[in-house]
Amino acid sequence: MSQPLPPQTGASDRRPLRLSLGWLVLPALVFILAVFIWPVGKFLALAIDNSDFPSAIPRTASVLDLTGPDGIGTEAAFAALVEDLAEAQKTRKDALLAQSLNQRLVGTRILVLKTSKDAAAGRFSQPYRESVLALHPGWSRPEIWQAIKDNKSSWTDYHILASLDLKRQADGTIGKAPAEEAIFLGVLVRTLVISTVVTLLCAVLAVPLAQAIVSSPPALSRVLFALVLFPLWSSLLVRTIIWIIVLQKTGPVNAAIVFLGITDEPLTLIYTRLSLYLAMVQVLLPLMVLSVVSVMRRVSPTYMKAALSLGAPWLTAWRTVQLPLIMPGILSGAAIVFVFALGYYITPALVGGPRDQMISSMIAFYTNKTLNWGLAAALSLQLLVVLVVIAALFWTIQALARRKAAT
Amino acid sequence: MNRVSACLSSLVVLSCLGAPALAADITVVGWGGTWDKAYKEGVWDPYTKATGNKIIQEEWGGELAKIRAQVQSGSITYDVVSVEAPAMEIGCAEGLFVPLTPDVTGPAASYLEGTLHECGVASDTWATVLVYSKDAIPGDGPRSWADYFDTAKFPGKRGMLAGAQYTLENALMGDGVAPADVYKVLRTPEGVDRAFRKLDSIKSDVVWWTSTTQAVQNLSSGEVVMTDQYNARINNEIEQEKKNYAIVWDAGFFYGTDLWAVVKGSPNEQAGVELLKWFSEPQNQAGFSRLYAYGTGRIEAAEHIPAEQLAKLPTSPEHLKNSAAYDGAFWTENKEALEARFKAWLEQ
């Protein structure tokens, strides 16, 4: 590297080739942009999107003296609201407003929908404040008007804060969310703990297994390999339900435990963290084994033999010679297993207990059940950020390991 | 039939639906399995016979997000869909479904409470009932939700859905609230606290379930001695699997509905509405309940169901006396907040 190559010759020869390489990558790049980065980005943007408010009630949002001294809307505010809701009812923007307002303030969804229906039907007349309050006294809650004031902007940090168990207080500062809403950080930490434990278990199990596959004669090696891959080929639900049958009170494992006299009573094995680890390791182990085997195959057995012949005890030889050489395989396997484990939610729902649910199940709940895509996007973003941080850590460790293996 | 299978097998359903058809092929989306089978034999086959219109059955998991995405992107592949009541509230308000007029649905007075909606008619009326294993509890079994919460009287673990809906209602019934008054109590903050206090009393004796398969498996293996569960699933276990279970109808129960809705802007929107008009006739919808232990919406449908089958339905006049309808409006507003609180409570 210290002696630079003559620059002209090589560069001019390679330029056309480089250009064509760029063209080769282009289709894949366009594909990834179109089907991955763009839609995912669009979904994640929902985390801060707040356009439901200003686009449904633009006039109300721009009324200057929105509330009177009692905290309730002024006549001007009510007049704007009636006009806005009548229009929103026709474009059905009222439903999205109702949903967003209900997220901020439980019990307002139906109030908004009924009011907008009446507004569209022209049931209100001047003075609007009295007219609306007579039919829908719910609008006399100052909290509703505070919520409208707080949501004049088209973007919000509400969902991002909620995903971090935080909430804006009445005075505008950020504080802790009340205990019955603060559920996400705990689940995130748990998701990381479960994924880490599963990754470690997989690593510990995969290394000896990979060694056995690499060292055994080809026929046996193939059989071992097929056995390892078997869980990957079976259906997720079948695989998961089988664990319920095996681990339940009257299942074979408990029968064996009682028969052997280890305990008198059958143990609670299913719907625990233990059963979750078992089911997840079963599925993810093959990925780790594949990764370790591919690296181990390239490591010549002569290194170990040399270390042993020089008098090192087997364990020392393995730890100082073999382990550093296969470390890149373990690390890339760990990265794959960890990332897969982070996204698990069907398996925890089926074989885990209520204290074993992971962050993805929350995302699915808000996406599918309550259609709160803002919070779902905020939680997804949170998971993505965690993933990027961990990936950066992994790459650093991997690079260090590689450098160490090279020296 | 050939055209249908050709469409499905070639995976160009869209272009097939777009092509002019002699008779409409309506894509009806249900909940799969035996539910779909009962609908095919009891309702859709007679419909095809009567009108010549063919029905293509598909199944889904109730994710309203799917329909929202179809409507937003303009490529709608579902015509008529069975949706859960809270999703119906949201979807109808968002304008995803076609509003139905009384000349389609029939008079509102002839529907059970909660089974008729601005945008839908009940496809199935199900109940979450108290059920126990007679193998685990021989002799006198539990007779009320108070017994369900009484672990001194009936030792053993209880199965319970790991969610706020169903569970909070059951807790209040266990605390002596009549089904008809449960939502009056739940609409107050003190009422919600009361339900959670009742759950506190039994927390360590509960095995939580998240899927029906789990709940039934737990009852069968003796993991739990009693559980809450959908009545048709238990009926199936008793009849097909010969299990020794008893449904305690007299303990009181809540019934809920899934409702047929026509997706707005679907290529067969009009045919879909016509289909629901035909379905809204009591004798036509009774075809489903004759084959499946769920009711429908029209009260008169009971007249077209044999007494023996009627006794298995939540909508039999006998059972309805101890029941109340799940309050869709309550859950639409409170689901997110109460499910979050419930999750926080579970973690404690």
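Letters A, B, ... are given to chains in the order of the sequence lines, protein chains preceding strands, and every chain is numbered from 1. Computed from heavy atoms alone, side chains included, the values below leave out hydrogens, waters and symmetry copies.
- For the pair B/Lys343 and A/Phe184, the cation does not sit on the ring face, since its NZ or CZ is not both under 6.0 Å from the ring centre and inside 45° of the axis.
- Ranked by non-hydrogen atom pairs under 4.5 Å with chain B, the options A/Leu350, A/Leu96, A/Ile244 are led by A/Leu350.
- Of the atoms belonging to A/Thr108, it is backbone heavy atoms, and not side-chain ones, that fall under 4.5 Å from chain B.
- Contacts of A/Leu371 with chain B are made by both backbone and side-chain atoms, with heavy-atom separations under 4.5 Å.
- Inspection of non-hydrogen atoms places no residue of residues 161-170 of chain A under 4.5 Å from chain B.
- The closest donor-acceptor contact from the side chain of B/Arg341 to the backbone of A/Glu181 lies at 3.5 Å or more, if one exists at all.
- In this structure, chain B has a heavy atom under 4.5 Å from the side chain of A/Leu113, while its backbone stays farther away.
- For chain B, the nearby part of A/Gln99 is the side chain; its heavy atoms alone come within less than 4.5 Å.
- Residue B/Glu89 does not touch chain A at all, counting heavy-atom pairs closer than 4.5 Å.
- For chain A, the option among B/Trp208, B/Phe342, B/Phe330 with the highest count of heavy-atom pairs below 4.5 Å is B/Trp208.
- Distance CZ/A/Arg109 to NZ/B/Lys335: 12.0 Å, rounded to 0.5 Å.
- Within residues 247-256 of chain A, the residues having any heavy atom under 4.5 Å from a heavy atom of chain B are, by residue number, A/Gln248, A/Lys249, A/Thr250.
- The part of B/Arg68 that comes within reach of chain A is its side chain, from C-beta onward, which places non-hydrogen atoms under 4.5 angstrom from that chain.
- Contacts of B/Ala87 with chain A are absent, with no heavy-atom separation under 4.5 Å from either backbone or side chain.
- Here the CD atom belonging to B/Gln217 is positioned 5.0 Å from the CD1 atom belonging to A/Ile245, to the nearest 0.5 angstrom.
- A/Tyr271 has its side chain within reach of B/Gln214: a pair of non-hydrogen atoms, C-beta onward, lies under 4.5 Å apart.
- Note on B/Leu338, B/Asn334, B/Asn218: by heavy-atom pairs under 4.5 Å with chain A, the leading option is B/Asn218.
- For the atom pair B/Thr213 OG1 and A/Leu237 CG, the distance stands at 8.0 Å (nearest 0.5 Å).
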